[in-house]
Number of protein chains: 2
Amino acid sequence: MVKKTVSTEEKIIAAAKKVFILKGIDGARMQEIADEAGINKSLLHYYFRSKDKLFDRVFSDSFIPVVKTINLVFEKFQDIDSLVEGFVRHYITMLRENPYIPHFIIHELNRNPDRIVEQIQSSSVNLNRIMEIISKDVEGHKLRPFKPVHVLVNIVALCVFPFVARPIIQGFLLNDSETEFREFIEERTQHIISFVKSAIFINHP
Amino acid sequence: MVKKTVSTEEKIIAAAKKVFILKGIDGARMQEIADEAGINKSLLHYYFRSKDKLFDRVFSDSFIPVVKTINLVFEKFQDIDSLVEGFVRHYITMLRENPYIPHFIIHELNRNPDRIVEQIQSSSVNLNRIMEIISKDVEGHKLRPFKPVHVLVNIVALCVFPFVARPIIQGFLLNDSETEFREFIEERTQHIISFVKSAIFINHP
DNA sequence: GTCTATAACCGGATAGAC
DNA sequence: GTCTATCCGGTTATAGAC
């Protein structure tokens, strides 16, 4: 078993990620990040100069798993059937491992859209590919005549929304029980796949 | 034409709503709210004592249109067909008029779930009704055998998500064009209705 | 690189005149 | 009710010793 020495910089990033995700940039305190990392507050400035710069680093890091997941799926799967299935499976898995990422990204994106546009653009995910595949299958009367953009947004919405709205869903529909929420997410992969396929395929059992 | 005199209190509420929704409670500045309302900063404290109290007022006000819409739909429609249609229509209309409400609610709910649980509980929306209707229609083989909770979450997700993730959708899929986003939302009511019905009804054209 | 001490600033809240 | 002036606590950021 390899015992890795975690560098101070890594400790800071990990701690900052935790605090920023939980509190947002405005709610986060440098002191809290320092405590979480088990280091001195002024070290934060030594490594990252300012709160803003530290935040930028954490924020761009957050995109990585999302982009990775999407690209992985697009490389691996080509037809609409396995694309839907692959996308939902991998995306939900990624979200289970990073449940706070969506809210974090969405929040900071609404707060400060400009700051982030480049991040998105430079992430080089090509969503047109999937829209073309949908288009073609609509023309081939394999799929119902839905507009590809909406279908794409639907799939993402069905996956992401429960993680963004977790407190409402858990508190309001699931007896405020963490266990029930976990089960809900557990079931959900298969549910979304069935739901989407029922919706889009013209001939579906 | 009636010229209403807007009371200072109303001016404050309106300004606070705008700023809190845009910046969140932590990002908002009392000075900014005062400027927005065109009044002096200390008047905010005269009327509401503290930032927290002002926020609470704004936050509970934000629930009103949401709860109203849902209750309206549930009173008016009884069968699953018109419930889906009515819900999506009214909900999207309400969201178009209050596009920032979902993000606001979700954000503060993630940030501080405790503060708000009572608000939700006291809002007295009964979502069980719709779940029972779905259950019954599943048993009657009118609907595919989906779990009602998931179907309910799906419908809300499809309506709400575009408003929460607007910067991503607009910037990434719609050429960063406000006009295209408006059109997107325009089309979306009908799209969601068709999509959901295709998904849930066993016999669908 | 890491710490302590402190500067510099900001923002919510209050006092008090009008 | 509304304003000006001010206080005070907290937070980011820096200086400087080790």
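Proteins get letters first, then strands, A, B, ... in listed order; numbering begins at 1 in each.
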**Q** Can you tell me the distance, in whole Å, between the CD atom of Q31(A) and the C1' atom of dT14(D)?
**A** 15 Å

**Q** Nearest-Å distance, CG (D26(A)) to P (dC10(C))?
**A** 15 Å

**Q** Without decimals, in angstroms, what is the distance between L44(A) CG and dT11(D) P?
**A** 14 Å

**Q** When rounded to the nearest 0.5 angstrom, what distance separates CG in L54(B) from CD1 in I12(B)?
**A** 7.5 Å

**Q** Base, sugar-phosphate or nothing for S42(A)? Non-hydrogen atoms, less than 4.0 Å.
**A** base

**Q** Rounded to whole Å, please give me the gap between CD1 in I25(A) and P in dT12(D).
**A** 10 Å

**Q** Take atom CZ of F48(B) and atom C1' of dG1(D), then tell me their distance rounded to the nearest Å.
**A** 14 Å

**Q** Between M30(B) and Y46(A), which has a closest nucleotide on DNA chain C that is more 5'?
**A** Y46(A)

**Q** Looking across every strand, which nucleic acid part, if any, lies under 4.0 Å from A34(A) by heavy atom: base, sugar-phosphate, or nothing?
**A** nothing

**Q** Which part of the nucleic acid does T8(B) contact within heavy-atom distance under 4.0 Å: base, sugar-phosphate only, or nothing?
**A** sugar-phosphate

**Q** For the side chain of K51(B) and the base of dG11(C), is some donor closer than 3.5 Å to an acceptor across the two?
**A** no

**Q** Looking at dT2(D), dA13(D), dC3(C), which one has an atom nearest to any side-chain atom of Y47(B)?
**A** dT2(D)

**Q** Is the phosphate of dC10(C), meaning OP1 or OP2, less than 4.0 Å from a side-chain N or O of R29(B)?
**A** no

**Q** Between H45(A) and dT14(D), is there a side-chain N or O to OP1/OP2 distance below 4.0 Å?
**A** no

**Q** F63(A) vs F59(A) aromatic rings, parallel, tilted or perpendicular, using cut-offs 30° and 60°?
**A** perpendicular

**Q** May I ask you to decide whether R96(A) forms a salt bridge with E186(A), counting only side-chain N to carboxylate O separations under 4.0 Å?
**A** yes

**Q** Could you check whether the rings of F20(B) and F55(B) sit parallel, tilted or perpendicular, using 30° and 60° as the cut-offs?
**A** perpendicular

**Q** Take the protein atom CD1 of I39(B) and the nucleotide atom P of dC3(D), then report the distance between them rounded to whole Å.
**A** 7 Å

**Q** Expressed as a whole number of angstroms, how long is the span from F20(B):CZ to dG12(C):C1'?
**A** 12 Å

**Q** Check the distance between dT12(D)'s P and K23(A)'s NZ and give it to me in whole angstrom.
**A** 12 Å

**Q** Does the side chain of D52(B) come under 3.5 Å of the side chain of S50(B) through a donor N or O and an acceptor N or O?
**A** no

